[in-house]
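Accompanying notes for the structure given below.
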Amino acid sequence: MRIGLYPGTFDPITLGHTDIIRRACALVDRLVIGVAINTGKGPLFTLEERVAMVEAECAKLSAETGTEIVAHPFQNLLIDCAHDVGAQIIIRGLRAVTDFEYEYQMVGMNRAMDDSVETVFLMAEARYQAIASKLVKEIAKLGGDVSKFVPEDVRHKLLQKID
């Protein structure tokens, strides 16, 4: 069984994330969405809220693709999380050149720790490439419409959270 790990903070999960998840399902039999605890980033949503949103969106994607998708909170090293869930592949989404520079360094470090785990970069569909959770939260806080950036259920939770 080919197991992939798609890690992130998912604060909140966006349409860009769900597009990458959909694409990753074509590559693996089981996809683990690693929800980083990452308190250093000061997430808007609690870990439990982020996991619940990921699970809700991934249930739809799992039904659509036939791929098993599960959420897995983690706060250890990414490579250790990959070992914990039995992943042979780490899935990373790329939006721009600036993402690549950071990801390139991360791949090098992960390969130095364990070169048996491969990293695959996926790009979201063009209309989703600029979406970043940080910007979505900022737009919502300033009263902007985020319906083009997040799933509808996530939009409702985001608006409740910032009120």
Side-chain angles (χ1 to χ4, degrees), residues 1-62 65 67-125 128-138 149-151 154 157-158 161:
M1 176 178 275
R2 185 168 299 276
I3 300 171
L5 170 63
Y6 178 39
T9 306
F10 304 103
D11 185 43
I13 188 168
T14 69
L15 293 175
H17 292 130
T18 58
D19 189 60
I20 295 293
I21 292 167
R22 184 177 291 107
R23 291 168 187 278
C25 286
L27 304 175
V28 298
D29 303 304
R30 182 173 199 252
L31 183 62
V32 178
I33 310 301
V35 182
I37 293 172
N38 213 344
T39 54
K41 277 191 173 180
L44 176 65
F45 291 95
T46 67
L47 175 64
E48 293 77 16
E49 290 169 327
R50 291 182 284 130
V51 167
M53 286 186 286
V54 165
E55 288 175 338
E57 293 307 315
C58 287
K60 300 170 197 171
L61 292 169
S62 184
T65 65
T67 302
E68 179 187 4
I69 309 171
V70 297
H72 176 80
F74 78 101
Q75 70 177 9
N76 54 343
L77 290 171
L78 178 56
I79 200 70
D80 290 338
C81 180
H83 294 153
D84 292 346
V85 301
Q88 302 93 358
I89 302 169
I90 295 171
I91 309 288
R92 298 296 291 170
L94 288 178
R95 289 180 299 227
V97 174
T98 52
D99 283 349
F100 180 77
E101 292 173 13
Y102 171 77
E103 295 296 342
Y104 179 80
Q105 290 178 320
M106 185 181 282
V107 169
M109 298 302 284
N110 285 334
R111 288 186 69 81
M113 290 184 276
D114 182 351
D115 64 0
S116 72
V117 179
E118 193 61 61
T119 299
V120 175
F121 296 109
L122 298 175
M123 292 188 75
E125 188 175 319
Y128 301 133
Q129 285 179 6
I131 300 173
S133 294
K134 179 181 176 181
L135 297 176
V136 169
K137 290 183 288 193
E138 192 171 325
F149 310 124
V150 294
V154 173
K157 288 178 175 49
L158 180 58
K161 190 66 131 173

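Worth knowing before you read on, the calculation uses all heavy atoms, side chains too, and leaves out hydrogens, waters and symmetry mates. All values reported here derive from a predicted model rather than from experimental measurement.
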Do E103 and M106 have side chains that approach each other closer than 4.5 Å (heavy atoms only, starting at C-beta)? yes
What pairs of residues pass the ring pair (Phe, Tyr, Trp, His ring centres under 6.0 Å) test when at least one of them lies in residues 75-102, not counting sequence neighbours? F100-Y104
Considering only heavy atoms from C-beta outward, does the side chain of F74 approach that of D84 to under 4.5 Å? no
Flag side-chain contact, heavy atom, 4.5 Å: I13 against I21: yes
Those residues at least two apart in sequence (or on a different chain) that pass side chain to side chain donor-acceptor pair (under 3.5 Å) with E49 are T46, K161
Neighbour count >12 (heavy atoms, 6.0 Å) for atom CE, M109: no
Which is it for L44 and L158 under the side-chain contact (heavy atoms from CB on, under 4.5 Å) test, yes or no, and what are the steps along the way? CA-CA 9 Å; L44 176 65; L158 180 58; 3.6 Å; yes
Can you give me the closest heavy-atom contact between P12 and V150, atom names plus distance? CG-CG1, 4.3 Å
Just jot down the salt bridge (Lys or Arg N to Asp or Glu O under 4.0 Å) partners of R95, sequence neighbours excluded, or say none. D99
Quick check: closest heavy atoms across I33 and C58, and the distance to 0.1 Å? CG1-SG, 3.8 Å
Might you confirm whether atom NZ of K134 has over 12 heavy atoms from other residues, nucleotides or ligands at distances under 6.0 Å? no
Nearest 0.5 Å, what's the CZ-NE2 distance between F10 and H17? 5.0 Å
First locate atom CD1 of I20, then atom CD of Q129, and finally report the distance between them rounded to the nearest 0.5 Å. 8.5 Å
Salt bridge (charged side-chain N to carboxylate O under 4.0 Å, His left out): pairs with one or both residues in residues 108-125, sequence neighbours excluded: R111-E118, E125-R127
Test salt bridge (Lys or Arg N to Asp or Glu O under 4.0 Å) applied to K137 - qualifying residues, sequence neighbours left out: D11
Contact summary for Y6 and G93, nearest pair of heavy atoms: CE1-N, 4.1 Å
Going by the rule side chain to side chain donor-acceptor pair (under 3.5 Å), which residues pair with S133 if we only count those two or more places apart in sequence or in a different chain? none
Where do A124 and G16 come nearest, in terms of heavy atoms and distance? CB-O, 4.1 Å
Taken to the nearest 0.5 Å, the spacing of I90 CD1 from T119 OG1 works out to 4.5 Å
Taking everything shown except E138 itself, do over 12 heavy atoms lie less than 6.0 Å from its CD? no
Is there a side-chain contact between C25 and L61 (heavy atoms, below 4.5 Å)? no
Side chains of L78 and N110: does their closest heavy-atom pair fall under 4.5 Å? yes
In short, A71 meets V51 closest at the heavy-atom pair CB-CG1, 4.1 Å
Look only at the side chain of R50 and the backbone of A36, and say whether a donor-acceptor pair between them is shorter than 3.5 Å. yes
Sub-4.5 Å side-chain heavy-atom contact between V70 and R30: yes
Please test L5 against V117 for side-chain contact (heavy atoms from CB on, under 4.5 Å), starting from the C-alpha separation and ending with a verdict. CA-CA 10 Å; L5 170 63; V117 179; over 6 Å; no
Is there side-chain contact between R22 and D19, with heavy atoms separated by less than 4.5 Å? yes
Residue pair F149 / L15, side-chain heavy-atom distance below 4.5 Å: no
For I91 and P7, the nearest pair of non-hydrogen atoms, with its separation, is O-CD, 3.3 Å
Please answer whether the main-chain N or O of T67 pairs with a side-chain N or O of S62 as donor and acceptor at a distance below 3.5 Å. yes
